[in-house]
Amino acid sequence: MKPFRLNRASLDAIVANGEREFPYECCGFIIGNDAIEEVRPITNIQNRMHAADPAAHPRDARTAFLMEPKEHLAVLNEVDDRKLALKAVYHSHPDHDAYFSPTDRAQACSFDPNEPDYPDTAYIVLSIKAGKFARAAAFAWDSTRREFVEVTLEVG
Ligand SMILES: [Zn+2]
């Protein structure tokens, strides 16, 4: 599996997003191409959904994220319009390690449990402990093992 490369400015931006949203999860996208890379934070509406229907949404935003649908769609349209790639989906784990949880996997394969929605997109998880950045990890779909595996995250 090849490493995932992220610009320092992008890492700084998503770390700031994760620290700002603590104790709740942040979420968003990193879009771009070989020349450019841009971060698109998305509002996490998990608390709103949990408050409206706790039976359907038992978790609040401390342990889950749900992207605001209009903002989510706007990024997909932007990627399409500007002919960019969806390089990464990111979210944070407040007071938890940077691992790819069964929930993360299920969310990444929302249409088909054995196929990611975006097979060429990396998933970045940030561990934010006591409000401060602890670690970032990148995960990518291994089409042979048909599973997400951690890949080296190169920054710079
Ligand atoms: Zn997660």
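Everything numeric here is computed off the predicted structure, so don't read it as measured data. Start at 1 and go down the list; that is how both ligands and their atoms are numbered.
Distance check for H91 against the Zn ion (ligand 1): an N/O/S atom falls below 2.8 Å. The Zn ion (ligand 1) has no N, O or S atom of E25 under 2.8 Å away, backbone or side chain.
Hydrophobic clustering, defined by side-chain heavy atoms of Ile, Leu, Val, Met, Phe, Trp and Tyr closer than 4.5 Å, groups V151 together with M1, F4, L6, L11, I14, V15, F22, I30, V39, Y90, I124, L126, I128, F133, V149, L153, V155.
A salt bridge (charged side-chain N to carboxylate O under 4.0 Å, His left out) check over residues 99-110, counting only residues at least two apart or in different chains, returns the pairs R105-E147.
Taking the six-membered ring for Trp and thresholds of 30 and 60 degrees, W141 and F148 have ring planes more than 60 degrees apart, a perpendicular arrangement. By the 30° and 60° cut-offs, the orientation of the rings of H72 relative to F29 is tilted.
Residue-level check: among N/O/S atoms of H93, NE2 sits closest to the Zn ion (ligand 1).
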